[in-house]
Amino acid sequence: MGLRAALVFHPGSGHGAAGRDAGVVAARLRDVVGELTVVEATSVAESRALAARAADRGLDLLVVLGGDGSVHQGVRFCAEHRVALAVVASGTGNDFARALGLPLSPLAGVAGVVAAIESGARRRVDLGRVGGGEWFASVLCAGFDAAVSERGNRMRWPHGRRRYDLAIAVELAALRARPLVVDTGGADGGVVELAATMVAVGNTAFYGGGIPVCPGADPADGLLDVTVVGRVSRWDLLRILPSLRGGGHVAHPAVRTMRARRVALGADNGWVAYADGERMGPLPVVVECVPGAVEIVG
């Protein structure tokens, strides 16, 4: 008997790319699996419920067609149900796929998954976990960048990228450092207390569509990488932001990096944490790396 697989996609993911490519991806998968259930979900709740029903019928592999929001739901499901995961990138960011060296287009992505199923290529990767509950695949952040996401999500106008450009401008105008405690449990200096502008905790290097905010992060080393930006003026931050694209920000004197298995971000400073682009809730939070939490086909 062949693999029992489910293909999960949000039709609007990647500005509609996932919906357009779902039929082709499903057809390719049916050539190499014994049974395929196609799950089209338009909300997080619907995605979780439909995937759980597929698991109840017995499931060996979950194939996620979409971006990092879809992957976020997929890793949660797979970690909790001990189901293997395959990713066919079809989003706007695709940061988890990028970190794993997977193709960043749907057709190349499904070709890679088909080849991996046929060859039996599998590997285990780490995941992050927030407070022993919510799982994440890539980066958890708080401070300036998370505030931009928070404000952008509340705005109804303008649409598209201009919404986040406006959110960045508003948050820059309101920028101020806030007290933060970073406790790595004895590694890299133990407890650090500082006035900070932002903090990122990475299971992988990338967020925001290819920005290596934690450039040394490796999702198979059992550790989280931490990048903290201390007190900077808005003009300094504007100079730091472009260097994020190349990872050069870590050389700035206001930037500090650490590495640990478990990271506590303390201080009730009004910051909200986001992970994989999804809202986690206000600080303080405890983040841990769970080694080998999910098996990847590909």
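By convention here, the first residue in the shown sequence is residue 1.
- Looking only at side-chain heavy atoms (C-beta outward), L140 and V263 stay at 4.5 Å or farther from each other.
- Under the 4.5 Å side-chain criterion, counting only non-hydrogen atoms from C-beta, M258 is in contact with V228.
- With contacts defined as side-chain heavy-atom distances shorter than 4.5 Å, the pair W271/V199 qualifies.
- In this structure, T257 contributes its side chain and V226 its backbone to no donor-acceptor pair below 3.5 Å.
- When all heavy atoms of C214 and V201 are compared, the closest pair comes out as SG-C, 4.4 Å.
- The shortest non-hydrogen separation linking V87 to V113 is O-CG2, 4.1 Å.
- Side-chain contact between C141 and Y207 is present, with heavy atoms from C-beta onward closer than 4.5 Å.
- Taking 4.5 Å as the limit, some side-chain heavy atom of R30 sits within range of a side-chain heavy atom of V38.
- Side chain of R259 to main chain of G216: a donor-acceptor pair is present (N/O by atom type, distance under 3.5 Å, no hydrogens or angles).
- In terms of modelled atom types and a separation under 3.5 Å, the side chain of D60 and the main chain of L3 share no donor-acceptor contact.
- Expressed to the nearest 0.5 Å, how far CG of D236 lies from CZ of R239 amounts to 4.5 Å.
- V250 is not connected to L180 by any chain of hydrophobic side-chain contacts under 4.5 Å among Ile, Leu, Val, Met, Phe, Trp and Tyr, and they are in different clusters.
- Residues S138 and H72 fail the side-chain proximity criterion, which asks for heavy atoms closer than 4.5 Å.
- Grouping the Ile, Leu, Val, Met, Phe, Trp and Tyr side chains by contacts below 4.5 angstrom, directly or via other members, places L265 with V130.
- Distance check, rounded to the nearest 0.5 Å: CG of D95 to CG of D68 gives 4.5 Å.
- One finds the CG atom of L62 at 6.0 Å from the CG atom of L85 (value rounded to the nearest 0.5 Å).
- With R98 contributing its side chain and G93 its backbone, the two residues share a donor-acceptor pair below 3.5 Å.
- Heavy-atom minimum distance, V33 versus A5: CG1-CB, 4.1 Å.
- With rounding to the nearest 0.5 angstrom, the OG1 atom of T204 is 8.0 Å from the CG atom of L100.
- Proximity of a side-chain donor or acceptor of N203 to a complementary backbone N or O of A137 within less than 3.5 Å is detected.
- Cluster membership for I117 and F9, using ILVMFWY side-chain heavy atoms within less than 4.5 angstrom, is shared.
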Intermediate values then yes/no, side chain to side chain contact (heavy atoms under 4.5 Å, CB included), V25 and L7: CA-CA 9 Å; V25 171; L7 170 65; 4.1 Å; yes
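- Taking 4.5 Å as the limit, every side-chain heavy atom of C289 sits out of range of all side-chain heavy atoms of L223.
- The two atoms that bring D126 and G222 nearest to each other are OD2-N, 2.7 Å, heavy atoms only.
- Between R20 and S90 there is no side-chain heavy-atom pair separated by less than 4.5 Å.
- Distance check: L283 CG to R178 CZ gives 11.0 Å after rounding to the nearest 0.5 Å.
- Hydrophobic clustering keeps Y274 apart from F206 (ILVMFWY residues linked when any side-chain heavy atoms are closer than 4.5 Å, directly or through intermediates).
- Note that CD of E295 and CZ of R123 are 11.0 Å apart. Values are rounded to the nearest 0.5 Å.
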In sequence, state the C-alpha distance, the side-chain angles, and the governing distance for W135 and V290, and then conclude on side chain to side chain contact (heavy atoms under 4.5 Å, CB included). CA-CA 9 Å; W135 300 86; V290 183; 3.7 Å; yes
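- Using a 4.5 Å cut-off between side-chain heavy atoms of Ile, Leu, Val, Met, Phe, Trp and Tyr, with links allowed through other members, L65 and L29 fall into the same hydrophobic cluster.
- The two residues G202 and V139 have their closest heavy-atom pair at CA-CG2, 4.1 Å.
- Enclosure of atom CZ in R124 by more than 12 non-hydrogen atoms of other residues, nucleotides or ligands within 6.0 angstrom is indicated.
- Closest of all the heavy-atom pairs between V88 and P106 is CG1-O, 3.4 Å.
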Side chain to side chain contact (heavy atoms under 4.5 Å, CB included) evaluation trace for F96 with V125: CA-CA 11 Å; F96 187 63; V125 300; 4.2 Å; yes
